[in-house]
Amino acid sequence: MILYKHEMKSNFKSLVIWTLSVGLICFGCILLYTSLEDSIQGIADSFSDLGAVSAALGMDKMSLATLKGYYATEIAMMHNLGGAMFAAILGVGLLSKEESGHTAEFLCVLPVGRGQIVSRKYLALVSNILLLNLACTGLYVLGFVLMGETVDVREMALYHLAAFWMQLEVGSICFLLSACVKRSMPGTGLGLTLLLFAADMMCRIVPAIENLKYITPFYYASAADIFAEGKINGIMPAAGAGVIAICYAAAHWIYRKKDL
């Protein structure tokens with residue numbers, strides 16, 4: 001497990017920066033609700049008149065006039081996007097950095113098989129995404145407590161489980177990309193994340209492309225849907241599990257056959 005520990009150590013600073021960035025921004029926005037409370041009803045009414053845009057943001061299911069609705073429609077969206085961007089940047093560089101940094105020559109002559117390299121690095125990816133989500137969830141719960149609001153443990157747990165799964169799916173796709181290329185491509189990872197996020201927004205607005213919801217993992221990680229229905233749509237996370245398994249298996253196979 002030396003390689004796993006090395007990856008956790010080398011990515012620790014990035015984990016802390018992203019956790020503080022995503023977590024504190026969302027935590028601060030929760031605390032800002034007090035200053036918006038007097039005018040939030042008017043804002044909620046204005047957004048309700050936006051039609052399809054309201055549906056894209058989940059405001060047709062949850063009201064901005066409550067802290068729970070504010071969290072589900074605004075805070076959760078920032079958490080989803082920030083966490084997915086972290087997962088993408090981390091995943092797309094884990095394997096490719098060895099070639100771009102010319103450390104593959106050293107790593108691959110050690111008594112460690114390429115399959116072990118892939119598995120240890122992927123475990124580091126899972127661990128980093130999990131730690132970011134646990135830390136951020138703790139901050140959000142603290143925000144609710146400081147605001148004097150009751151936290152619905154079941155709904156919060158379901159949403160953050162879906163958010164973790166979505167981020168792992170994005171990270172796994174980028175991990176596969178990392179196995180295919182010879183240099184780190186963080187821009188590509190970020191671009192893919194934004195494309196999937198945009199696909200989620202568009203498929204909620206345009207009925208003709210509604211089937212995009214089966215492609216973008218952001219769709220099943222919508223806090224507004226989960227809070228309103230009290231459950232996660234099981235079909236799409238199950239499809240996401242298939243994508244995760246395929247990406248890991250493909251990355252494992254490609255990296256073992258790759259000419260380094």
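Bear in mind that the values here come from a model prediction, so they are computed numbers and not experimental data.
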- Query: So do the side chains of P217 and V170 get within less than 4.5 Å of each other, counting heavy atoms only?
  - Reply: yes

- Query: Short question: side chain of R154, backbone of G230 - any donor-acceptor pair under 3.5 Å?
  - Reply: yes

- Smallest heavy-atom separation, L176 atom then A250 atom, equals CD1-CB, 3.6 Å

- Item | same_hphob_cluster(V141, L161) at 4.5 Å side-chain heavy-atom cutoff | no

- CG of L190 to CG of L195: how many Å apart, nearest 0.5 Å? 12.5 Å

- Report yes if some heavy atom in the side chain of K68 is under 4.5 Å from a heavy atom in the side chain of E149; otherwise report no. no

- Rounded to the nearest 0.5 Å, what's the gap from CD on E155 to NZ on K231? Could you check? 13.0 Å

- Message: Please give me the minimum heavy-atom distance between G69 and T73, naming the atom from each residue.
- Response: O-OG1, 2.8 Å

- Please assess M236 against K213 for the test side chain to side chain contact (heavy atoms under 4.5 Å, CB included), listing each intermediate value before the final yes or no. CA-CA 8 Å; M236 283 174 279; K213 66 184 182 181; 4.3 Å; yes

- Task: Could you tell me which non-hydrogen atom of A223 sits nearest to which non-hydrogen atom of A72, and how far apart they are?
- Result: CB-O, 3.5 Å

- If you round to the nearest 0.5 Å, how far is CE of M85 from CG of L194? 5.5 Å

- Stepwise, does the side-chain hydrogen bond (donor to acceptor under 3.5 Å, both in side chains) test hold for N80 with Y159? CA-CA 10 Å; N80 282 352; Y159 160 63; 2.8 Å; yes

- Message: So W18 and I89, do their side chains get closer than 4.5 Å, heavy atoms only?
- Response: yes

- Query: Atom OG in S14, atom CZ in F86: separation rounded to 0.5 Å?
  - Reply: 5.0 Å

- Item | Partner residues of F197 under the ring-ring contact (aromatic ring centres under 6.0 Å, His included) criterion, sequence neighbours left out | F218

- Could you check if a side-chain atom of V22 sits within less than 4.5 angstrom of a side-chain atom of L81, using non-hydrogen atoms only? no

- Query: How close do V181 and M185 get, heavy atom to heavy atom, and via which atoms?
  - Reply: CG1-SD, 3.6 Å

- Find out whether C29 and M78 are in side-chain contact, i.e. whether some heavy atom of one side chain is under 4.5 Å from a heavy atom of the other. yes

- Message: With a 6.0 Å cut-off on the ring centroids, do F144 and Y71 count as close?
- Response: yes

- Query: Nearest 0.5 Å, what's the OG1-CZ distance between T66 and F227?
  - Reply: 10.0 Å

- Note on the structure: The residue among L134, L132, N133 that forms side-chain contact (heavy atoms from CB on, under 4.5 Å) with C136 is L132

- Could you grab the distance from atom CD1 of I226 to atom CD1 of I232, nearest 0.5 Å is fine? 5.0 Å

- Message: Measuring only between side-chain heavy atoms, which start at C-beta, is L192 closer than 4.5 Å to C174?
- Response: yes

- Verdict with reasoning, Q116 to Y4, per side-chain hydrogen bond (donor to acceptor under 3.5 Å, both in side chains): CA-CA 10 Å; Q116 289 179 297; Y4 168 74; over 6 Å; no

- Message: Please identify which of these residues, I244, L168, L131, meets the side-chain contact (heavy atoms from CB on, under 4.5 Å) condition with V126.
- Response: L168

- Under 3.5 Å, side chain of W165 to main-chain N/O of P237, donor-acceptor pair present? yes

- Task: Identify whether the distance between the nearest side-chain nitrogen and carboxylate oxygen of R204 and E210 falls below 4.0 Å.
- Result: no

- If you group Ile, Leu, Val, Met, Phe, Trp and Tyr by side-chain heavy-atom gaps below 4.5 Å, do I17 and V92 land in one group? no

- Task: May I ask you to decide if Y219's main-chain N or O and S222's side chain share a donor-acceptor pair within less than 3.5 Å?
- Result: no

- Non-hydrogen atoms of A87 and L125 that approach each other most closely: O-CD1, 4.0 Å

- Does F175 share a hydrophobic cluster with L130, counting links as ILVMFWY side-chain heavy atoms below 4.5 Å and allowing steps through other members? yes

- Is L31 linked to Y33 within one hydrophobic cluster, defined over Ile, Leu, Val, Met, Phe, Trp and Tyr using a side-chain heavy-atom separation of less than 4.5 Å? yes

- Is the backbone of S96 close enough, under 3.5 Å, to the side chain of S178 for a donor and an acceptor to pair up by distance? yes

- Just by modelled atom types, is the L94 backbone N or O under 3.5 Å from a matching donor or acceptor in the K121 side chain? yes

- For the hydrophobic clusters of this structure (ILVMFWY residues joined by side-chain heavy atoms under 4.5 Å, transitively), does one cluster hold both I215 and I246? no

- Message: side chain to side chain contact (heavy atoms under 4.5 Å, CB included) for F12 and M8? Distances and angles first, verdict last.
- Response: CA-CA 6 Å; F12 179 74; M8 293 299 295; over 6 Å; no

- Query: Between Y122 and Y248, how do the two ring planes meet: parallel, tilted or perpendicular, split at 30° and 60°?
  - Reply: tilted

- I30 versus M147: any side-chain heavy-atom pair under 4.5 Å? yes

- Is there a side-chain contact between L146 and F27, using heavy atoms and a 4.5 Å cut-off? yes

- Message: Just by distance, no angles: are the side chains of Y140 and H79 close enough, under 3.5 Å, to form a donor-acceptor pair?
- Response: yes

- Query: Looking only at heavy atoms, what is the nearest atom pair of G189 and A88, with distance?
  - Reply: O-CB, 3.5 Å

